[in-house]
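Here is the structure we will look at, set down as structure tokens.
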Amino acid sequence: MTSQPQTSAIRAGRILAGLLGRGILESRTPWLQEQEAEAHGLRMVYSLFDFTDRGWPDEDLAEVVAATQRLGFAGLNVTYPFKQAVLPLLDELSEGAAAIGAVNTVAFVDGRRIGHNTDVTGFAAGFRLGFGGAAPGRVLQLGCGGAGSATSHALLGVLGADELVLFDPDPERVEALRAPLAARYGEARVSATTDPVTAAREVDGLLNASPVGMSKLPGLPIAAEAIEPRHWVADIVYFPLETAFLAEARRKGCRTLDGGGMAVHQAVDAFAIFTGLTPDHQRMRESFFAFAG
């Protein structure tokens, strides 16, 4: 378990935070976090550390985390491809992050690095809002990385999916996720496939939990012909908000959910962790969709 959210990093009404990842220059997170801070009378500077844009190798992750901690940052958000790679660099994990095996928020507290995961609650809240409380049913999840770990726990543990079928191009990654999920939620509720097109015929919903569809990784996570009008289709990618996957699904008349809801709700919890303040969910949602940049 973790200590209370970090507040000591607020100095003279100012606070530093940032995001680590690749292909993140279009992220709305800086705007979202800084606008909410301003509403609380707090000046936040939220920096993007895009390893691709800066020409940094993945091996620089430890150095960047250490540098931001020394500079007095309250913490960091973490996205693709570092949600699991950051784990060995941390001193402690929240209960949720430990269960999921991935971190999307790091708080620097009293010289220690505390890992959290706000993606589970973020995805669940976005799903309920976007689909009006409808049950997920049977779901094919495309992607088994750090984000996929969070969405799988949200689907099985929070939203009550009947069954989750996992696919990833890396079979070792699939099994690394499937085994602990089966142990936690039951073998009957979790399975894996090497043929997502065939698996799609037997499920109610399709979820892209991979980075495919991001501006830096364009494309579809599954063949277009696998998407059927009866499916609900969701994507965790939010830049762009309208991915090729969602565009194809909408063209076919599917109910769809973009990554905006997950992005907003995970940011709400991250803001609270960084600042110790209580964020306004609706205000942050409005800030997200008002973003123009």
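Values below: all heavy atoms of this structure, side chains included; hydrogens, waters and symmetry mates excluded.
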Distance-only polar pair, side chains of Y80 and S210, donor-acceptor under 3.5 Å: no
If we count only N and O atoms by modelled type, under 3.5 Å, do the side chains of T29 and Y238 hold a donor and an acceptor together? yes
If we only count heavy atoms from C-beta on, is the [X] to [Y] side-chain gap below 4.5 Å?
| X | Y | value |
| --- | --- | --- |
| P30 | L48 | yes |
| S152 | L177 | yes |
| L19 | Y46 | yes |
| P196 | L140 | yes |
| V139 | D204 | no |
| V233 | L246 | yes |
| Q33 | N77 | yes |
| D280 | E36 | yes |

Can you list every side chain to side chain donor-acceptor pair (under 3.5 Å) pair that touches residues 122-150, not counting sequence neighbours? R138-E163, Q141-T151
Kindly say whether the aromatic ring centers of H116 and F274 come within a distance under 6.0 Å. no
Would you verify whether the NZ or CZ of R255 falls within 45 degrees of the ring axis of F131 while also being under 6.0 Å from that six-membered ring's centre? yes
Reported [atom1]-to-[atom2] distance for the pair [X] and [Y], which is rounded to 0.5 angstrom:
| X | Y | atom1 | atom2 | answer |
| --- | --- | --- | --- | --- |
| T256 | R251 | OG1 | CZ | 13.5 Å |
| D269 | M284 | CG | CE | 9.0 Å |
| L20 | L61 | CG | CG | 6.5 Å |
| L16 | L71 | CG | CG | 7.5 Å |
| D119 | T105 | CG | OG1 | 7.5 Å |
| N104 | M262 | CG | CE | 7.5 Å |

Does [X] reach the main-chain N or O of [Y] with its side chain, forming a donor-acceptor pair under 3.5 Å?
| X | Y | value |
| --- | --- | --- |
| D91 | R113 | yes |
| D50 | D53 | yes |
| N117 | G96 | no |
| W232 | C254 | no |
| R285 | V264 | no |
| Q35 | L32 | no |
| R28 | F288 | yes |
| D170 | V174 | no |
| D168 | C144 | yes |
| H265 | G260 | no |

Same cluster for [X] and [Y] if Ile/Leu/Val/Met/Phe/Trp/Tyr side chains link at under 4.5 Å?
| X | Y | answer |
| --- | --- | --- |
| L156 | L142 | no |
| V45 | F108 | yes |
| L257 | L241 | no |
| F73 | V103 | yes |
| V212 | M214 | no |

Shortest non-hydrogen contact from [X] toward [Y]:
| X | Y | result |
| --- | --- | --- |
| T118 | A270 | CG2-N, 4.0 Å |
| T79 | G21 | CG2-CA, 3.8 Å |
| L42 | I15 | CD2-CG2, 3.7 Å |
| H40 | P279 | NE2-CA, 4.0 Å |
| A107 | I273 | CB-CG2, 3.8 Å |
| Q84 | P88 | O-CD, 3.9 Å |

Plane angle bin for Y185 and H153 - parallel if under 30°, tilted between 30 and 60°, otherwise perpendicular: perpendicular
Which class fits the ring pair F51 and F82: parallel under 30°, tilted 30 to 60°, perpendicular over 60°? tilted
Go through the steps to decide whether N208 and T243 satisfy the test side chain to side chain contact (heavy atoms under 4.5 Å, CB included), and finish with yes or no. CA-CA 10 Å; N208 177 38; T243 61; 6.0 Å; no
Over 12 foreign heavy atoms within 6.0 Å of [atom1], [X]:
| X | atom1 | value |
| --- | --- | --- |
| K216 | NZ | no |
| E175 | CD | yes |
| R14 | CZ | no |

Assess the residue pair L25 and F239 against the criterion (side chain to side chain contact (heavy atoms under 4.5 Å, CB included)); give the C-alpha distance rounded to whole Å, side-chain angles, the decisive distance to 0.1 Å, and a yes or no. CA-CA 9 Å; L25 293 185; F239 50 94; over 6 Å; no
Do D58 and R22 sit within salt-bridge range, that is, some charged N less than 4.0 Å from a carboxylate O? yes
Name each donor-acceptor pair under 3.5 Å that joins a side chain in residues 220-228 to protein atoms two or more places apart or in another chain, with its distance.
unit_1, atom_1, unit_2, atom_2, d
E228, OE1, R230, NE, 2.8

D195 and F167: CA distance, side-chain angles, deciding distance, side chain to side chain contact (heavy atoms under 4.5 Å, CB included) verdict: CA-CA 8 Å; D195 184 356; F167 171 77; over 6 Å; no
Determine whether E38 and E34 satisfy the following criterion, side chain to side chain contact (heavy atoms under 4.5 Å, CB included), listing intermediate values before the conclusion. CA-CA 6 Å; E38 184 175 335; E34 290 174 356; over 6 Å; no
